[in-house]
Amino acid sequence: MKIWTSEHIFNHPWETVATAAWRKYPNPHNPAVIGTDVVERKVVDGVLHTHRLVSSKWYFPRWTQALIGSAKICYASEKSVVNPSVRKMILNTVNLTFCRYVAVDETLCYTPHPTDPGKTLLKQEAVVTVQGVPLNNYMEDLLTNKISLNAGKGRQAMEWVIGKINAEVKDFTKSTDEILHQTKKSLDDITSTAKKSMDDISQKAMKSLDDIQPLRQKF
Amino acid sequence: MNSIGDACKPLKDEYDACFNTWFSEQFLKGRTNDSMCEPLFRVYQDCVKKVMKEQNIEIQEVEKDLLGTNSERKVPPKKS
């Protein structure tokens, strides 16, 4: 068994990071992950529980294929909880394929930075166990190194997704501004038209009154 | 992002878009009622569950208790 841990700080508020975490895939940094499917999702007491099936394409060295098979698409089960009231998101992933020999149990925990609420702290832990194959210690090292490498890519991926979301928000704000501007313009148009009509009406009324006045004097 | 079933992909895209909006605009702001995307979720779920059955993917596998049950792998008996 090998345990690997790591910490990382994102310079973004927790809400942004949590939103990005759902949209992490697809990204150019983890091309291995080819699909995510929600299997179960519910809100219980204000906490969101999700169970996802993550499909990924792994490329094993040829010599290991005899041991664990040449499984091209691997499946993993990802369970997560998001608690917005305490600003905490925890994701736990366990592999489903090649369960007989290899167990990879990975946990990611996103919480606000303890001293800077505008930043987010990611704590990551992975437990790798290889059993029933020769050179299992060597295999565990191999997988742990791979996880370490992938973790770096995962952070890059998160930054990439956050950048994408921020760009979308900017676009959205821009279009909202446009709508507001248009609305204001139309309102101005309506106001001036209405004002003009009112002026017309009062002018006409005044004129009629003026017309009536001499008539009344006549009788 | 792909789905395990190609047929489920459009349903997944629609649901994901709804969920992402709900998550940031409702859930993170304390409005935890999740009925907003429920109809889309149900259609997508039906599709995924069907494909999982076809492809023999057993996601509950990890939850099964093995240790201490009959399913636990036993040490093969020693050759005499």
Side-chain angles (χ1 to χ4, degrees), chain A residues 13-27 33-57 73-79 82-85 87 89 92-97 99-100 103 105 131-132 161 165 168-169 172, chain B residues 1-9 11-38 40-64 66-67 71-76:
Chain A
W14 179 82
E15 282 75 11
T16 309
V17 176
T19 305
W22 287 124
R23 296 173 52 173
K24 189 171 168 187
Y25 305 111
N27 71 68
V33 177
I34 52 163
T36 53
D37 276 301
V38 180
V39 177
E40 210 182 339
R41 181 170 264 161
K42 56 182 184 239
V43 177
V44 181
D45 298 328
V47 178
L48 176 70
H49 298 257
T50 308
H51 191 180
R52 288 202 301 185
L53 177 71
V54 180
S55 328
S56 53
K57 216 170 201 167
I73 293 175
C74 302
Y75 297 104
S77 152
E78 178 208 79
K79 284 190 171 177
V82 186
N83 188 338
S85 57
R87 299 172 86 206
M89 180 179 199
N92 178 251
T93 312
V94 191
N95 65 302
L96 291 170
T97 326
C99 270
R100 276 172 64 196
D105 189 320
Q131 273 171 342
V161 175
I165 293 174
E168 274 170 30
V169 170
F172 181 69
Chain B
M1 187 84 285
N2 289 330
S3 170
I4 44 163
D6 288 340
C8 310
K9 167 98 171 112
L11 302 173
K12 178 195 152 61
D13 286 347
E14 241 183 298
Y15 167 70
D16 275 353
C18 181
F19 171 79
N20 287 332
T21 310
W22 173 81
F23 185 76
S24 53
E25 300 301 317
Q26 305 277 328
F27 184 70
L28 289 182
K29 291 175 181 164
R31 291 187 290 271
T32 55
N33 184 319
D34 61 348
S35 58
M36 187 177 129
C37 309
E38 183 65 35
L40 291 174
F41 185 59
R42 220 171 304 142
V43 193
Y44 164 52
Q45 278 303 283
D46 289 346
C47 189
V48 169
K49 297 248 158 88
K50 211 178 114 208
V51 175
M52 281 175 71
K53 216 169 182 181
E54 282 167 8
Q55 298 190 8
N56 243 331
I57 302 166
E58 184 55 83
I59 199 159
Q60 305 307 335
E61 195 179 315
V62 277
E63 273 136 69
K64 271 192 217 149
L66 290 176
L67 297 179
S71 315
E72 185 184 343
R73 288 186 148 235
K74 299 282 188 299
V75 179

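Letters A, B, ... are given to chains in the order of the sequence lines, protein chains preceding strands, and every chain is numbered from 1.
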Test applied, ring pair (Phe, Tyr, Trp, His ring centres under 6.0 Å); reference residue, A:Trp22; option that passes from B:Phe19, B:Tyr15, B:Phe27: B:Phe19
Residue pair A:Leu48 / B:Trp22, side-chain heavy-atom distance below 4.5 Å: yes
Neighbourhood of chain A inside residues 28-36 of chain B, taking heavy atoms under 4.5 Å as contact: B:Leu28, B:Thr32, B:Asp34
Residues of residues 41-50 of chain B near chain A, each having a heavy atom less than 4.5 Å away: B:Phe41, B:Tyr44, B:Gln45, B:Val48, B:Lys49
Residue A:Arg41 versus chain B: region with a heavy atom under 4.5 Å: both
Full working for side chain to side chain contact (heavy atoms under 4.5 Å, CB included) between A:Val39 and B:Met52: CA-CA 10 Å; A:Val39 177; B:Met52 281 175 71; 4.2 Å; yes
Residue part contacting chain B, namely of A:Ile165, when any heavy atom lies under 4.5 Å: neither
B:Gln55 versus chain A, the contacting section by heavy-atom distance below 4.5 Å: side chain
Side chain A:Asp37, main chain B:Ile4, donor-acceptor under 3.5 Å: yes
Part of A:Ser55 within contact of chain B (heavy atom distance under 4.5 Å): side chain
